Amino acid sequence: MSVDIPSILAEHFAIAKFTITSLEGYESVNYKVTTSSKTFVLKVYTSDVETRHSLQAENKILHALNKMEEYQFPEVIRAKGGDEIVESKGKLYRLLSYIEGELLATCKIDTPLLCNFGRFLGEMNLSLQELKNPTIKGIETVWDLRHFAKSKDLISYIPNAKDRSLVRYFFLQYEENIRPVYYTLRSSIIHNDANDYNVLVQSNCIKGIIDFGDMCFTWLINELAIALTYVMMHSNSPLEVAYSVVSSYNKKIPLERKELQILYYLIAARLCTSVCNSAYNKHKKQDDSYITISEKGAWNLLKKWLTINPLKAEEVFLEACGVTGKIHDTKGRVALDRKKYLAKNLSLSYTKPIEMYRSAFQYMYSKQGETYLDAYNNIMLVGHSHPDVVAAAAQTYARLNTNTRYLYPELTEYSKKLLAKFDPKLNRIFFVNSGSAATDLAIRIAKYYTKRNKIVGLEHGYHGNTALGISISHYKYLKDPFLSSTTDTIALPLPGTIVEQEIPQSDIGPYYAKKAIATLESDRGDMAAFIAEPIVGCGGQVPLPEGYLKNLYPFIRQAGGICISDEVQVGFGRLGSSFWGYEQYDVVPDMVILGKPIGNGHPIGAVVTTTEVAEAFENGPEFFSSFGGNPISCAVGIAVLETIEKEGLQEHAHDVGCFLKNELQALQTKIPEIADVRGLGLFLGIEICHKDGRPNTDLANNLKNGLKKNYILTSTDGPYDNVIKIKPPLSFTKANAQVLVDTLYDLLRSLTKG
Ligand code: PMP
C-alpha cells in the first residue's frame with residue numbers, strides 16, 4: 001500500500017479497527033474496509049481540480065439516487081469534519097458504503113432476472129433524467145458512445161488485421177447509421193457502465209449498481225446499449241436476452257423508434273470501444289486483468305453480432321416495445337416493379353428470390369431480417385462492405401474524380417502495385433470498367449497486333465456480355481442462331497470432359513493440347529488469340545489439366561497468335577497456392593484480363609499485357625475510357641491489394657480452401673451422388689450426378705435451393721447445370737466451411753434417401 005490507509009481512516013473517518021483488501025478499479029485505487037459492524041469502500045484518486053469536481057458531482061448524483069427506496073447505490077460517508085472528499089498528500093479519498101450482493105456477472109441469468117434488470121435500468125434512468133449537473137455535462141470520456149470516434153486511433157493496437165477490419169467496419173456503420181441522427185437523440189445523465197461486474201443481485205432481483213466513474217451526460221439509449229452488451233456476452237441467443245431487458249425498460253421509459261433503430265450499432269460501438277481499449281492497455285503493458293476482463297467475451301460477441309442482421313435486431317427491439325407486424329416487407333412490390341421495368345432474361349437466383357438489404361464481409365442481410373452466409377460471391381473478394389475499400393472510394397470521391405486525360409498519382413501508383421503481382425514480362429496495363437470491357441479490349445488489341453481475326457476459346461467458356469464478348473463465349477453464342485452462324489470463334493472441347501480412351505491422368509492435358517493443335521492446324525494463318533480461364537467457371541469449375549496450356553501456348557504463338565488468360569473469376573489469390581490462375585500451369589500468357597474481384601464490387605476491369613503488344617496498339621487510334629482508371633477506381637484497387645496483403649487472404653484462401661475441399665471429399669466417400677469435388681483454394685465445384693454417372697441437374701438445383709433455405713448462398717453451373725459452385729469472399733472462415741459441409745450433408749441425406 002503506497003498510501004497510509006490506516007492513518008487516513010483513523011484520522012478522517014474515526015475507523016481504527018478494520019481489515020482491508022484490495023478491490024478492482026479502473027480510475028481509482030479501491031479498498032474494501034471491513035469493521036466489526038460495517039463494510040466500506042475507500043476510493044483513492046490522484047488529486048487534481050477536475051477529479052475533485054467530478055467526484056463532487058458524482059456524490060450529488062449518489063445522494064439523489066439513494067432516495068430510491070427499492071435499490072441500493074453507494075452512499076457517501078462524510079469525514080469527521082463533514083467533508084465528502086478528503087485531501088492528503090496529493091491524493092483524494094472518498095469513503096462509500098459497500099453494497100453486499102452477488103455480481104450479475106457470476107449469477108445464473110434467467111428471464112425474470114433480465115426483466116428485473118430492464119426495470120431497474122428504467123427506474124434508475126427515470127431518476128437520473130430529473131437531475132441537472134453542469135460538471136457532468138462537461139465530461140468527455142472515451143466510454144461515452146457519443147465520442148466513439150475517440151477510440152478510432154486505438155484500432156492500430158489490435159494485433160490481428162482481420163480483427164482490425166471488423167472493428168473498422170463497425171466504425172463505418174456508426175458513421176453511416178448513427179451520425180445522421182446524432183443531434184436528434186434525447187440525452188440525460190446516465191450511469192454509462194451498467195456492465196455485469198457493476199450490477200449487484202440478491203434473491204434473483206437487481207439490488208443496485210456501483211462504480212459511477214464513467215457517468216456522463218449523453219444519449220439516454222446508451223445506458224441500455226451498454227447494459228445489453230455485457231448481459232448478452234455470454235448468451236447463445238443475444239437477441240432473446242435483449243428482448244427481455246428492452247421490453248421491461250420500455251415499460252418504464254418508452255423508447256423512441258430512432259433509438260431502437262440505432263441500438264444494434266451502439267452495441268457494436270460499445271464492443272469496439274472495449275476491444276480497442278483492451279488492445280491499447282495491453283500494448284501499454286498495463287495488462288490489468290480488470291481492464292481487459294471482458295476482452296474475450298467482447299470479441300466473441302462482436303463476431304457473433306456480425307451474423308445478426310441489423311434489421312432482425314431492430315425488429316426484436318421493436319417487438320419488445322410492442323411494435324409488431326411486417327416492418328420491412330417491400331419484397332412483393334420490388335418483385336412486381338422488376339417485372340414491369342426489366343427484361344426477363346435478367347435472371348434471379350433461387351426459386352424464391354431474396355431481397356437484399358445490407359452485407360458485411362461473408363454475410364448478406366435480407367430485407368426480411370435473415371442473415372445469409374455468402375459462399376458464392378467471388379466479386380466481394382476481401383468481404384462485403386470492407387471498410388478500407390469503402391473508405392478508399394468515399395474519400396477519393398469526396399476529393400477528386402476525373403479521367404486519364406489528367407495526371408494524378410492514383411493511376412500510376414495502382415498500375416505499379418498491380419503489375420508487381422505479374423511476371424515481369426507482363427508490364428503494361430489498360431483500365432476499363434468490367435470484365436466484359438476487358439475482354440473486348442483484349443480481343444481488339446490482339447486483332448490489332450496480329451492483324452488477324454479468328455479467336456480460339458473453349459467450349460462452355462464465358463468471357464463477357466459485349467457483342468464481341470458474347471461472340472467468343474461458346475455457350476452463349478450457341479443459344480443465338482445468328483451469332484453462332486456468323487462468329488469467327490473456334491471453340492475447343494473442354495479438356496478432360498470427354499475422354500475417348502483410357503489415358504493416365506498426367507497425359508490428359510497433353511492429349512487435349514494435341515487434339516486442339518490438330519483442330520487448329522488449318523486455321524494457323526488467321527488466328528489472333530487463344531483465350532481461356534485457368535479453371536473454367538461456367539463450364540462447371542473445371543480446372544485445365546496439367547500440361548494443356550504448356551503444350552498449347554507454344555503452338556498458338558508459333559502460329560502467330562497471342563495467349564490470353566481470363567483471370568476475371570479466379571485471380572487475386574483466391575486459388576490460394578498462386579495469385580493468378582495461369583501460375584498453376586507454369587505458363588506466362590501474353591495478355592491477362594481482370595474484372596470482378598479487382599474492385600471488390602466497384603466496377604473495374606483491366607487488360608495486362610507485354611510491352612511489345614501494348615506498343616503495337618499505341619500506334620493505333622487513341623484509346624480512351626471515360627471511367628477506366630479514374631482516381632476512385634484506382635484508390636479502390638489499391639485498397640483491395642493492400643487488404644489481401646494485410647489480412648493474408650491468399651494464405652487464408654489456401655488454408656480454408658484445403659480444409660473445405662478435404663471435408664467435401666470426405667462427404668464424397670459417403671454420398672455416391674457427389675461425382676466430383678474439384679477446384680483450388682476458395683474456388684471449388686461439387687459435381688452432382690445420378691448413381692449411374694448421369695448429370696443430376698434436379699438434385700443440384702434442390703441442393704442449391706436447400707442451402708439457401710438454410711441461409712447459405714451457392715449457385716449451380718456447367719453444361720448440365722449440375723455443378724455447385726463455391727467461391728465465397730475470402731473472409732469465409734473454417735467455421736463457415738464446416739457449416740456449409742454439415743448443411744450439405746444433411747440435405748444430401750434427406751434428398752437422396754430411398
Ligand atoms: N470473364 C469471365 C470468366 C467471367 O466470369 C465474366 C463474368 N461472369 C466476365 C469475363 C465478364 O465480366 P463482367 O460481368 O464484369 O463484364
Side-chain angles (χ1 to χ4, degrees), residues 343 345-349 376-381 430-446 455-477 479 489 491-492 494 529-544 549 563-572 574-575 580-582 584-585 589 591-609 625 627-629 633 636-637 640 679-685 713-719 721 723 725-729:
N345 60 351
L346 200 65
S347 75
L348 270 169
S349 293
Y376 165 50
N377 195 332
N378 68 340
I379 297 172
M380 295 302 169
L381 185 83
F430 296 87
F431 286 109
V432 284
N433 311 108
S434 66
S436 301
T439 298
D440 206 285
L441 179 64
I443 299 299
R444 197 181 131 202
I445 297 175
I455 304 298
V456 181
L458 293 179
E459 285 178 358
H460 314 297
Y462 177 70
H463 302 288
N465 63 25
T466 62
L468 197 52
I470 292 294
S471 79
I472 63 161
S473 297
H474 167 255
Y475 88 103
K476 290 280 185 193
Y477 68 67
K479 289 180 187 151
T489 300
L492 300 170
L494 191 52
F530 165 71
I531 181 167
E533 281 184 278
I535 299 182
V536 185
C538 295
Q541 309 287 83
V542 182
L544 297 178
L549 294 182
C563 301
I564 306 175
S565 186
D566 181 340
E567 301 278 341
V568 167
Q569 291 226 23
V570 298
F572 290 91
R574 167 171 297 284
L575 301 186
W580 305 115
Y582 69 79
Q584 294 289 334
Y585 306 117
M591 205 180 257
V592 171
I593 61 172
L594 304 173
K596 288 189 192 278
I598 187 174
N600 209 56
H602 179 84
I604 311 177
V607 177
V608 173
T609 190
S625 161
F627 302 131
S633 300
V636 164
V640 170
L680 267 177
L682 283 172
F683 195 75
L684 300 175
L713 305 178
T714 57
S715 85
T716 50
D717 217 330
D721 202 29
V723 181
K725 295 217 276 195
I726 299 171
K727 40 179 190 159

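All ligand and atom numbering here is 1-based and tracks the order in the structure. Bear in mind the structure is a predicted one, so any value in this text is a computation, not a measurement.
With hydrogens and angles disregarded, no donor-acceptor distance shorter than 3.5 Å links the side chain of Glu533 to the backbone of Leu544. A distance-only check finds no donor-acceptor pair linking the side chain of Gln569 to the backbone of Gly537 [under 3.5 Å]. At least one donor-acceptor pair under 3.5 Å links the side chain of Tyr585 to the backbone N or O of Pro534. Listed for the Arg574 side chain is a donor-acceptor partner under 3.5 Å among the backbone atoms of Pro728. Not a single donor-acceptor pair under 3.5 Å links the side chain of Ser625 to the backbone N or O of Val432.
Closest to atom 5 (O) of ligand 1 among all protein heavy atoms lies Gln569 NE2, 2.8 Å. For atom 16 (O) of ligand 1, the closest heavy atom belonging to the protein is Ser436 OG, 2.3 Å. Taking atom 1 (N) of ligand 1 as the reference point, the nearest protein heavy-atom neighbour is Asp566 OD2, 2.7 Å.
A distance of 13.5 Å separates OG in Ser473 from CD in Glu459, rounded to the nearest 0.5 Å. Distance check, rounded to the nearest 0.5 Å: CD1 of Ile604 to CG of Leu594 gives 10.0 Å.
Polar contact check, Gly435 against ligand 1: a nitrogen or oxygen pair lies under 3.5 Å apart. Every N/O-N/O distance between Thr439 and ligand 1 stays at or above 3.5 Å. Not a single N or O atom of Asn465, backbone or side chain, sits closer than 3.5 Å to an N or O atom of ligand 1.
The contact set between ligand 1 and Glu533, taken as ligand atoms under 4.0 Å from a residue heavy atom, comprises 3 (C). Per-residue contacts place Lys596 under 4.0 angstrom from the following atoms of ligand 1 (heavy atoms of the residue considered): 5 (O), 6 (C), 7 (C), 8 (N).
The shortest heavy-atom distance from Gly537 to ligand 1 is not under 4.0 Å.
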